[in-house]
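Starting off with a structure, shown below.
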Number of protein chains: 2
Amino acid sequence: MTAGATQARGTARAGAARAGAARAGGGRRRASHSLEAVIGEAVALLDEAGEPALTFRALAARLGGGVASIYWYVANKDELLDRATDHVLAGVLVDTEGFTGSPDPIDDLRAIAVSLFGTIVERPWLAAYFMRDTATQPNGLLLYERMGQQVLRLGLTPRQSFHAVSAVLGFVIGIAADLGQQPPQEVLDGKVTRDDFLARYAAEWRALDPAAYPFLHVVVDEFADHDDADQFRAGLDLLLAGLRLQAQNPD
Amino acid sequence: MTAGATQARGTARAGAARAGAARAGGGRRRASHSLEAVIGEAVALLDEAGEPALTFRALAARLGGGVASIYWYVANKDELLDRATDHVLAGVLVDTEGFTGSPDPIDDLRAIAVSLFGTIVERPWLAAYFMRDTATQPNGLLLYERMGQQVLRLGLTPRQSFHAVSAVLGFVIGIAADLGQQPPQEVLDGKVTRDDFLARYAAEWRALDPAAYPFLHVVVDEFADHDDADQFRAGLDLLLAGLRLQAQNPD
DNA sequence: CTATGTTATCGAACGTCGTTCGAGAATCGA
DNA sequence: TCGATTCTCGAACGACGTTCGATAACATAG
């Protein structure tokens, strides 16, 4: 370690991922990890118990090894989260592979956005760490590019295209982050249903002065039994309608 | 403290905020705080050095007191951040007070959204903690209501109105969170300008294969000298154009 | 002025977290 | 067989959020 490049961390030379605990024959001495196992377990931990559950100690316990071992694969927690994000995004890329050839580019754009939304909304931790470099992680850049290619087909100016993709991507992240934010009891404990949870808020809204909060009283019934996916799709359609309008009437 | 209600924390009975260090005459013995001072210094700390700078110890040092004193005003760090968020939102409410009487409701909605965006984008910490109950904190609810009242004037159905306001609010938060995310050097050290920062990313984009990343190569010039506010306004106009279309052509 | 109860401050400690360090086990190439 | 590399891990460090109990400052009643 004198002057060479930085340590080639985590590049398991043997190729295949090794996630086993120890040798088959001898008594188990040391655990054996792999970058894939580390990231995979990190994602599982985040999915199961949320962001604060991902600690190096919990992850090490899950891997059956020591805490410091993880630092051979990732430099710090930021990189761990970056790689976890990228790992999930890879799944979105696979899911949206076919959404590129419709006659209507906006249909493709919508399909990609809906798929991305579905992935984020069931992973509240992802929203917060997604925007910490939308297009720095390789798969994030690929997703950005894939959405952009649909917009290119609309024949807008480069500036309009740039704004359009940023708008759609920001919208997806913003709504998903907002919606994937609810329950301390419901999902984790399962004692309170989602309807009860919404009903409790709706009751608070109804208790407010109708003269001071006319809008809340108009929409409280909609709020009480709204569906997250419907809400997202309705907003996305507004945005895409504006985009289609721009494509039809160039300034 | 036998059976009464919970302790009435932080309600400084004397009314006026006391932020002084100690008595005027005698040697200083103890610091004297107030809820306003605690929240104000917390916001200042967040604004100056970002989210990780807000620690109870740093805040206590800034207030010239002990760490445990802060716990008399807030129950935990979550409440501290909730109150800090609400404190900033109060400023937005003041700024948008006049944006309610235009002939075109969409103009009002746009003005409120732009004002909120401006506030969030210069406070990256706010985006992450804003969505942790968009409408639970009192001022957040008021802002939601104010935007909703403009939408009401469009004469949409309750469901459409509900979706429209959620879409605009989510869009603002999503874009602001995405954009307020950049520099470890620029703002903090001041060594690298924003243009240099963008140019570095642009160079990376240009180094990619044009056949695999056609969209990135089309928009890289726009990206290299884009303005955050312009980008936001362009996306918002797309969304509002879609909303206007819906108001004109009811389904 | 003294006594008493409430309001508010704070030093010290606890447990957990991310991170570092160095020893040493496992593996590979020659 | 042996040296170099790759990888694991126990132990420690400092910083963090939070709690507890002692006690100072203040308001009021007698």
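What's counted below: heavy atoms across the whole structure, side chains too, no hydrogens, waters or symmetry copies. Convention: sequence-line order gives letters A, B, ...; per-chain numbering from 1.
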TODO: Grab the CD1-C1' distance between I70(B) and dT9(C) for me, whole Å please.
DONE: 11 Å
Open item on the list: How many whole angstroms separate atom CZ of F56(A) from atom P of dC9(D)?
Closed with: 15 Å
- [ ] Measure from the side chain of Y71(B), starting at C-beta and using heavy atoms only, and say which of dT18(D), dT20(C), dC10(C) lies closest.
- [x] dT18(D)
Task: Parallel, tilted or perpendicular: rings of Y144(B) and W205(A) (30°, 60°) - done: tilted
Open item on the list: Let me spell it out: for each of A68(A) and V67(B), pick the nucleotide of DNA chain D with the closest heavy atom. Which residue's pick is nearer the 5' end?
Closed with: A68(A)
Open item on the list: Check this for me, if you would: do E79(B) and R83(B) make a salt bridge, where the nitrogen-to-carboxylate-oxygen distance has to be below 4.0 angstrom?
Closed with: yes
Task: Whole angstrom value for the distance that separates P of dC16(D) from CD of E51(B) - done: 14 Å
TODO: Can you tell me the distance, in whole Å, between the CG atom of L81(A) and the C1' atom of dG18(C)?
DONE: 12 Å
Task: Atom pair distance, as rounded to whole Å: CG in L59(A) and P in dT16(C) - done: 18 Å
TODO: Among L126(B), D86(B), L54(B), find the one that has a side-chain contact (heavy atoms from CB on, under 4.5 Å) with L81(B).
DONE: L54(B)
TODO: Look at the side-chain N and O atoms of Y73(A) and state whether any lies under 4.0 Å from the OP1 or OP2 oxygen of dT8(D).
DONE: yes
Open item on the list: What's S69(B) touching, base or sugar-phosphate or nothing? Going by heavy atoms closer than 4.0 Å.
Closed with: base
Task: Among dT19(D), dA13(C), dC9(D), the one nearest R57(B) by side-chain distance - done: dA13(C)
- [ ] Look at the side chain of W72(B) and decide which nucleotide, out of dA12(D), dT7(C), dC10(C), has an atom nearest to it.
- [x] dT7(C)
Open item on the list: Measure CD/E79(A) against P/dT19(C) and give the value in whole Å, please.
Closed with: 11 Å
Task: Atom-pair distance (NE2 on H33(B); C1' on dA25(D)), nearest Å - done: 13 Å
Open item on the list: Nearest 0.5 Å, please: how far is OH in Y71(A) from CG in N76(A)?
Closed with: 7.5 Å
TODO: Select base, sugar-phosphate, or nothing to describe what L54(A) touches, counting heavy atoms under 4.0 Å on all strands.
DONE: sugar-phosphate
TODO: Classify the ring geometry between F232(B) and F117(B) as parallel (under 30°), tilted (30 to 60°) or perpendicular (over 60°).
DONE: parallel
TODO: Take N76(A) and G66(B), find for each the nucleotide of DNA chain C with the closest heavy atom, and name the residue whose nucleotide sits nearer the 5' end.
DONE: G66(B)
Open item on the list: In this structure, how many angstroms lie between the P atom of dC7(D) and the CG atom of L63(A), rounded?
Closed with: 15 Å
